[in-house]
Amino acid sequence: MVELPQHIAIIMDGNGRWAKKRFMPKALGHRRGAETLKQLCKDADKLGLKHMTVYAFSTENWKRSVEEVSALMGLLKEYVGMYIRDNENTNIKMDFIGERESIPQDLREKMEELEEASSDKTGLQLHIALNYGSRDEIKRTMQKIAKKVKAGEISVDDISEDMISDNLDTKGIPDPNF
Ligand code: FPP
């Protein structure tokens, strides 16, 4: 019996190359990537995997063309909507990591709806990194802790590794296996 890792993290790369090789538009490559993820979630849940993180959109991805960013936001909204509709047929819990304020409101509302709808599921936990960047996460974490220091709630010496973990987007999620 093979022991499962507790957390697998996936970078959804290669969509453009997949499409280029087949003389297809890049948007179709992204769509194919989203379809692959849908199946992957079902398979990972069936296998009994507990945590999977997928990197869907990085803070750097805003630098892509307006057309590509807009197509990606549309695709994300479509698939998050699909996961909401499919929620009653699965046992997968979904949440999002990353900065949310810059995400279009209609997509953000769907993300919140999906998190709420799937919050009591006990199977695979799918963590979707959307507008995520590690430096940005560290910045936001430092700001949260600095505000507590400024308000006199804690002192600088109280800052510990546990406190940092508790203020990251990934709070409560075990580190991916290497
Ligand atoms: C990188 O491929 C991929 C992206 C920037 C977007 C991936 C996101 C999706 C497919 C949407 C997934 C949907 C949900 C709900 C999570 P690339 O363009 O860098 O391809 P390349 O490596 O071949 O250049």
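Just so you know, these numbers come straight off a predicted model, no measurement behind them. Whatever order the structure lists them in is the order used to number ligands and atoms, beginning at 1. What's counted below: heavy atoms across the whole structure, side chains too, no hydrogens, waters or symmetry copies.
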Checklist entry - Would you say ligand 1 has an N or O under 3.5 Å from any N or O of Y55? => result no
Checklist entry - Got the closest protein heavy atom to atom 4 (C) of ligand 1, with its distance? => result H30 CE1, 3.7 Å
Next on the checklist: Can you check which of A19, A56, A34 brings a heavy atom nearest to atom 7 (C) of ligand 1?
Outcome noted: A56
Checklist entry - What distance do K171 atom NZ and T141 atom OG1 have between them, rounded to the nearest 0.5 Å? => result 11.5 Å
Checklist entry - Quick one: nearest non-hydrogen protein atom to atom 15 (C) of ligand 1, plus distance? => result Y79 CB, 3.7 Å
Next on the checklist: Quick check against the 3.5 Å criterion: does E137 have a side-chain atom that pairs as donor or acceptor with the backbone of G98?
Outcome noted: no
Checklist entry - Looking at CG of D95 and CG of L130, how far apart are the two atoms once the value is rounded to the nearest 0.5 Å? => result 11.5 Å
Checklist entry - Of R64, M12, R17, which has the heavy atom at the shortest distance from atom 19 (O) of ligand 1? => result R64
Checklist entry - Under 3.5 Å, side chain of E99 to main-chain N/O of E101, donor-acceptor pair present? => result yes
Checklist outcome for this item: protein heavy-atom neighbour closest to atom 20 (O) of ligand 1 works out as G16 N, 2.9 Å
Checklist entry - Which part of K26 is near ligand 1, with near meaning a heavy atom under 4.0 Å away: side chain, backbone, both or neither? => result side chain
Checklist entry - Do V54 and ligand 1 have an N or O pair less than 3.5 Å apart? => result no
Item to check | Fellow cluster residues of I11, listed by chain then number, with links counted only when side-chain atoms sit under 4.5 Å apart | outcome: Y55, I97, Y132
Item to check | Member of K93, H51, M94 meeting the side-chain contact (heavy atoms from CB on, under 4.5 Å) criterion with H127 | outcome: H51
Checklist outcome for this item: The protein heavy atom nearest to atom 13 (C) of ligand 1 is L76 CD2, 3.7 Å
Checklist entry - Can you tell me if R17 uses its side chain to pair, donor with acceptor, with the backbone of D13 under 3.5 Å? => result no
Checklist entry - Is there a donor-acceptor contact under 3.5 Å from the side chain of S65 to the main chain of E68? => result yes
Checklist entry - Counting both backbone and side chain atoms, is some N or O of D13 under 3.5 Å from an N or O of ligand 1? => result yes
Checklist outcome for this item: Ranking L75, L37, V69, L126 by closest non-hydrogen atom to atom 16 (C) of ligand 1, top hit is L37
Checklist entry - Should the heavy atoms of other residues, nucleotides or ligands under 6.0 Å from CD of E116 be counted, would the total exceed 12? => result no
Item to check | Atom indices of ligand 1 within 4.0 angstrom of L72 heavy atoms, with elements | outcome: 6 (C)
Next on the checklist: Quick check: G14 and ligand 1, any N/O pair under 3.5 Å apart?
Outcome noted: yes
Next on the checklist: Checking contacts here: is it the side chain or the backbone of L130 that comes within 4.0 Å of ligand 1, counting heavy atoms only? Could be both or neither.
Outcome noted: neither
Next on the checklist: Restricting to side chain to side chain contact (heavy atoms under 4.5 Å, CB included), what partner residues turn up for A19, sequence neighbours left out?
Outcome noted: M24
Item to check | Minimum-distance protein heavy atom relative to atom 5 (C) of ligand 1 | outcome: N61 OD1, 3.6 Å
